[in-house]
Amino acid sequence: MAAKTKFRGSFTALVTPFKNGALDEAAFRSLVNWQISEGTNGLVPVGTTGESPTLSHDEHKKVVEWCIAEAKGRVPVIAGAGSNSTKEAIELSQHAEKAGADAVLIVTPYYNKPTQEGMYQHFKAINDAIGIPIIIYNIPPRSVIDMSVDTMKRLWELKNIAGVKDATASMVRVSQQRAAMGEDFNQLSGEDATIIGYMAHGGHGCISVTSNVAPRLCSEFHAAWQKGDTKTALAIHDKLMPLHNNLFIESNPAPIKYAMSLLGKLDETLRLPMVPISEPTRVAVRSAMVHAGLIN
């Protein structure tokens, strides 16, 4: 029996706050509580937005544990656990399961460019090593490879493969995946700017960067959509669209960390090779926050 997840709505791809070069546990725990109080439907720690490439394994595991402990079961936690090393992804996934995560998010292996068969075997090995649902993270712009619908369909036959975080920005893919795997295959967008089209094609929600700084608006967008109130959803989407765009003028998560620093939620600190955003991007991000009504 395949794993089924019913993840719906706005899931925040959480940033990882730093202070003096170290993890800022207090700021992170405060963020988790703020996100939940603002209506966020679920949390995704230590993905790309959480700067997972520059966290040590020990730090990665701590962030997952803090998120689960602070969420206290109020919302589901999908723990980032991917790697381009299958062995490493298994270790991180087993830790997430032991820590109490509701699911793991596993990115397609970047840099080493496996074939479709290589991707299948990578995900199968992780599937066989754990007992909680797996969300495939398909993000060709960062990983270079694109998992085909046929490969997803093969993986969907395994017991723990539950859905996809789709960052292809292709509206067609949502419909193709629904046709191949059915409505139970949990489809979450990984691309804020195209979310309204994604939902119209049959998507279930979004793992969002924007919701780090606008959790209530992102949650309200999905609530309106799920009620069939497309007029309200579109109005909220228009309010958020400059943010959806301007938070990606420079590489994520540098712009979102600046945006959150404007709200006093964390220091803007990043780890190299990520650097603070340029002045023109600061102006654009601040302007988008004003447009969204987040700051004056």
Can we say E117 and R154 salt-bridge, meaning some charged N sits less than 4.0 Å from an Asp/Glu carboxylate O?
yes
Which residue in the set T12, N245, D192 passes side chain to side chain donor-acceptor pair (under 3.5 Å) when paired with T210?
D192
Does atom CZ of R29 have more than 12 heavy-atom neighbours from other groups under 6.0 Å away?
yes
In terms of heavy-atom contacts, does NZ of K231 have more than 12 from other residues, nucleotides or ligands at under 6.0 Å?
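No.
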For residues [X] and [Y], is any side-chain donor paired with an opposing acceptor at under 3.5 Å?
{"X": "N246", "Y": "R286", "result": "no"}
{"X": "E183", "Y": "H204", "result": "yes"}
{"X": "E38", "Y": "S219", "result": "no"}
{"X": "D166", "Y": "T168", "result": "yes"}

Do [X] and [Y] come close enough that some side-chain heavy atom pair is under 4.5 Å?
{"X": "L247", "Y": "N252", "value": "no"}
{"X": "H122", "Y": "I106", "value": "yes"}
{"X": "L158", "Y": "Y120", "value": "yes"}
{"X": "E91", "Y": "K61", "value": "yes"}
{"X": "Y137", "Y": "T48", "value": "yes"}
{"X": "C218", "Y": "T40", "value": "no"}
{"X": "N41", "Y": "R8", "value": "no"}
{"X": "I256", "Y": "V213", "value": "yes"}

I'd like to check the ring-ring contact (aromatic ring centres under 6.0 Å, His included) partners of [X]; sequence neighbours left out, ordered by chain and number.
{"X": "F123", "value": "none"}
{"X": "F185", "value": "W156"}
{"X": "H237", "value": "H244"}

Within the side chain of [X], is there an N or O that forms a donor-acceptor pair under 3.5 Å with the backbone of [Y]?
{"X": "T16", "Y": "G50", "value": "yes"}
{"X": "K257", "Y": "T269", "value": "yes"}
{"X": "N160", "Y": "I134", "value": "no"}
{"X": "N212", "Y": "A13", "value": "yes"}
{"X": "N138", "Y": "M147", "value": "yes"}
{"X": "E51", "Y": "L270", "value": "no"}
{"X": "T194", "Y": "G197", "value": "no"}

Find the distance between [atom1] ([X]) and [atom2] ([Y]) and round it off to the nearest 0.5 Å.
{"X": "S30", "Y": "E25", "atom1": "OG", "atom2": "CD", "result": "12.0 Å"}
{"X": "E65", "Y": "H95", "atom1": "CD", "atom2": "NE2", "result": "3.5 Å"}
{"X": "L188", "Y": "I195", "atom1": "CG", "atom2": "CD1", "result": "8.5 Å"}
{"X": "Q116", "Y": "M152", "atom1": "CD", "atom2": "CE", "result": "9.0 Å"}
{"X": "T49", "Y": "L14", "atom1": "OG1", "atom2": "CG", "result": "9.0 Å"}
{"X": "Q35", "Y": "L43", "atom1": "CD", "atom2": "CG", "result": "6.5 Å"}

Go through it in stages, so that I can follow the logic: the residues are R74 and N33, the test is side chain to side chain contact (heavy atoms under 4.5 Å, CB included), and I'd like the CA-CA distance, side-chain angles, deciding distance and then a yes or no.
CA-CA 10 Å; R74 290 174 288 172; N33 282 303; 2.6 Å; yes
Provide the closest heavy-atom pair for [X] versus [Y] in the form atom of the first, atom of the second, distance.
{"X": "P253", "Y": "M274", "value": "CD-CE, 3.9 Å"}
{"X": "A167", "Y": "P140", "value": "O-CD, 4.3 Å"}
{"X": "S83", "Y": "E88", "value": "OG-OE2, 3.0 Å"}
{"X": "D102", "Y": "P76", "value": "OD2-CA, 3.2 Å"}
{"X": "A284", "Y": "I249", "value": "CB-CD1, 3.6 Å"}
{"X": "E250", "Y": "I277", "value": "OE1-CA, 3.4 Å"}

Could you check whether R282 makes a cation-pi contact with Y258, meaning its NZ or CZ is under 6.0 Å from the centre of the six-membered ring and within 45° of the ring axis?
yes
Would a single hydrophobic cluster contain both [Y] and [X], if residues Ile, Leu, Val, Met, Phe, Trp and Tyr are joined by side-chain heavy-atom contacts under 4.5 Å?
{"X": "L217", "Y": "F248", "result": "yes"}
{"X": "I90", "Y": "V107", "result": "no"}
{"X": "I139", "Y": "I78", "result": "yes"}
{"X": "I236", "Y": "L234", "result": "yes"}
{"X": "V209", "Y": "I196", "result": "yes"}

Ring pair (Phe, Tyr, Trp, His ring centres under 6.0 Å) contacts touching residues 274-296 (sequence neighbours left out)
none
Can you run down the ring pair (Phe, Tyr, Trp, His ring centres under 6.0 Å) pairs that involve residues 10-64, sequence neighbours left out, and say none if there aren't any?
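Every ring pair (Phe, Tyr, Trp, His ring centres under 6.0 Å) pair that includes a residue of residues 10-64, provided the two are not neighbours, is F7-F11.
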Determine, stepwise, if the pair E59 / R271 fulfils salt bridge (charged side-chain N to carboxylate O under 4.0 Å, His left out).
CA-CA 13 Å; E59 288 175 326; R271 281 187 177 171; 2.8 Å; yes
With E97, which residues qualify under side chain to side chain contact (heavy atoms under 4.5 Å, CB included), at least two apart?
I130, I132
Please evaluate residues L243 and M289 with respect to the criterion side chain to side chain contact (heavy atoms under 4.5 Å, CB included), reporting the C-alpha separation (whole Å), side-chain torsions for both, the decisive distance (0.1 Å), and the verdict.
CA-CA 7 Å; L243 263 179; M289 290 179 71; 3.9 Å; yes
